[in-house]
Amino acid sequence: MRLAETIDVTFPDGSRLSQPPGRTAGELLSAWHPEKAAEYLAARLDGLLIDLARTVDRSGPLWPVTFEDRVGREILHHSAAHVVAKAVTVAAPGSLPTVGPGSEEGFYYDFDMPPITPELFERIRSVSQRIVSEDQPFERREVSREEALRLFALNPHKRGYVEKAAAGEGITIYRTGDWIDLCRGPHVPSTRWLAGLYLLGFSGVTQGGAPGGLPLQRVRGVAFPTRALLEEYRTMRREAEARDHRILGSRLELFHFVEEAPGLPFWLPRGMIVLRELEKFVGEHLRDAGYSEVRTPLLFSSTVFETSGHWEHFRDNMFLTSVDGRPYGVKPMNCPGAMLVFRARARSYRELPLRLAEWAPLHRLEASGTLHGLTRVRGFTQDDAHIFLTEEQIETEVRTLLRWIREAFSTFDLAWKLELSTRPEKFLGEIAQWDRAEALLRGVLDSSGAPYHVNPGDGAFYGPKIDVYVRDSIGRSWQTGTIQVDYQQPIRFGLEYQGADGGLHRPIVVHRTVLGSFERFTGILLEHCAGRLPPWLAPVQVRLLPVSERHLARAEELAREWRGQGIRAEASDSATTLSKRVRAGEVEKVPYLAVVGDTEIATGQVTLRIHGEKAPRALAAAEAAALLVDRIRQRSFRP
RNA sequence: GCCGCCGUAGCUCAGUCGGCAGAGCGGCUGAUUUGUAAUCAGCAGGUCGGGGGUUCAAUUCCCUCCGGCGGCUCCA
């Protein structure tokens, strides 16, 4: 026995501690910073995640894991999943827990059990709370395979996981009170650390997500180390609900849906103004960047989609019909039309890059359960274009696109990031070609300085792509634009151009959108700005409010005058109190309200109430108009 | 599409343990002419999502279809 041996650990700040063996990670970390002991969720010893209660049996760097860390959140959420598993087995005896992972965002646990009812869900909630308040420790134990099989004798799912575990892999279990779960860990020390546990909901899922899989019941939730953090989260959620674009859209009369056309939006007059302004915004860029526009048919014979590959790969998502007894499909994407335009006559290298924009309505038969307001619809229009070019031209083109993406999203005050998706397992074409394209995209991304991360193997089967994700103001991430390098469509459609060498060559196609679809983008934008659209997009930019009937003529005169200057201005009547009309303007989120009364008429001013500013400003009428014209032309995000 | 939940006026929601369907907001009309987030009064508006069943009687109970919501899967 070597009693004299000591353990040397190094903390993140470089300080060291030598102790005789037998101390736990928690004890050592508490010795380092006792005041922070309550924040420690787990520890990292020499890179390995361990419970705080584990004995530190060797020297090395010892770091605390807290809720501030990604992995800390994961651990906390995973521990919360255990609590819920226990709660479910208490509330619904006989339920068989299967898997319950935690992530940075939250956790879920899937159970093999009859469907959960709202009443049962409430019981699960209250049992979970009770377990948290009972401060039950998470106790780790290593067990033999045989013991594990015996412990989970009643749960075939857990037995299955034990049997699947690799031969050399140690099997560990965690005990929480009288509840035992198979788990690698680590976990927080006890359920007290889950003070901010909150169940979000329940739903049916299928095992493995497979369509015919075993039906399971999922309970989802989030957890925070304190009640205060949970309250903060719930406040954010409530705010998110108030920003729901589906509600804002109908309240502001921008768009709506009818039962007879699920997933197919109606753009109402006010919404059309927003849509047309967005189109104008993108259109100006396309003109400057050397694009030309085409419009191709909405429907094609199936033979076109056979050529493009959609018939084989996408038919289930297409609206199909028949014409003269032959199968036709409504186009789900613009690319086939663009290919046919390119192929319509002989092409020269002098035409490349040939940039063909098309903003055609597209239809995809999305599964009914996935429809969601404007962000997931069956009929939409992309700010789409196809660029026919040579491999040498890709780099410059992508660079220009990234610059435009940066400019576009900053106009909308949206934070964005990029993802590079590389060659998937199932791909068409040559590896060398893929490698070249990937290296090229990577190079452009690196030199652009734009933040991005790589999704290995997530590219389309025809080529690598860069996707644009935007984050709205409450932290949700949405895919919008995409830049896809495509080698396959030109082959399928037999596209050729005559090169400077006199020979025929095959172009490459870059598919690209920036806003993505106007529909989804509008939805995102509405949520981002909570319905307070920037002045240049607002359906009504300014409303003139006469204080009383005798000021009505002046309000109408100014409204007329300002409309002449390109401002969307209107005058209210004077049938209700000014207060009420101010309130209506606020509720309708009109960015500028201009009050006209005796004082203003005497001085030739208006009192301009600018959304977001506390004090109204008294301005000469012409000055107010100039201010609006300027903000609108600048496409300023805020009024 | 799958699992669960939901569907009452334009909107937000009461209500009916099976017996003539309600409010607020909004709309319309009238009075009021208003100084920065809701003036007062009156009126109109519903086959209680569609269809079928049980019942003397169904908005209420049952079945089914449609749509919505939350997940799953998928994606602009």
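To find a chain, count down the sequence lines: A is the first, B the second, and so on, and within it residues start at 1. From a predicted model like this one, the values you see are computed outputs, not experimental measurements.
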Would you mind pulling out the nucleotide paired to B:G7, Watson-Crick or G-U wobble, both distances under 3.5 Å?
B:C66

Answer with yes or no whether A:Glu600 presents, from its side chain, a donor or acceptor under 3.5 Å of a partner atom in the base of B:G35.
yes

Under 5.5 Å between ring centres and under 30° between planes: does that hold for A:Phe521 against the base of B:A76?
no

Pair A:Lys280 + A:Glu277: basic N to acidic O under 4.0 Å
yes

Give a yes/no answer on whether the side chain of A:Arg246 brings an N or O atom under 4.0 Å of OP1 or OP2 in B:C69.
yes

Taking any strand in view, what nucleotide pairs with B:U36 in a Watson-Crick or G-U wobble way, both distances under 3.5 Å?
none

Does the structure show a Watson-Crick or G-U wobble partner for B:G1, both distances under 3.5 Å? Name it, or say none.
B:C72

Assuming nearest nucleotide by heavy-atom distance, tell me which of A:Asp244 and A:Leu374 is located more 5' along RNA chain B.
A:Asp244

Any idea which heavy atoms bring A:Trp359 and A:Glu279 closest together, and the distance?
CH2-O, 3.3 Å

Base of B:G35 paired with side chain of A:Thr599 (donor-acceptor, under 3.5 Å)
yes

Would you kindly check whether a donor in the side chain of A:Arg376 faces an acceptor in the base of B:C74, or vice versa, at under 3.5 angstrom?
yes

Counting only distance, no hydrogens or angles, is the base of B:C75 paired donor-acceptor with the side chain of A:Arg520 under 3.5 Å?
yes

Classify the nucleic acid contact of A:Thr607 as base, sugar-phosphate or nothing, counting any heavy atom under 4.0 Å across all strands shown.
base

Paired with B:A58 by Watson-Crick or G-U wobble geometry, both distances under 3.5 Å: which nucleotide is it?
none

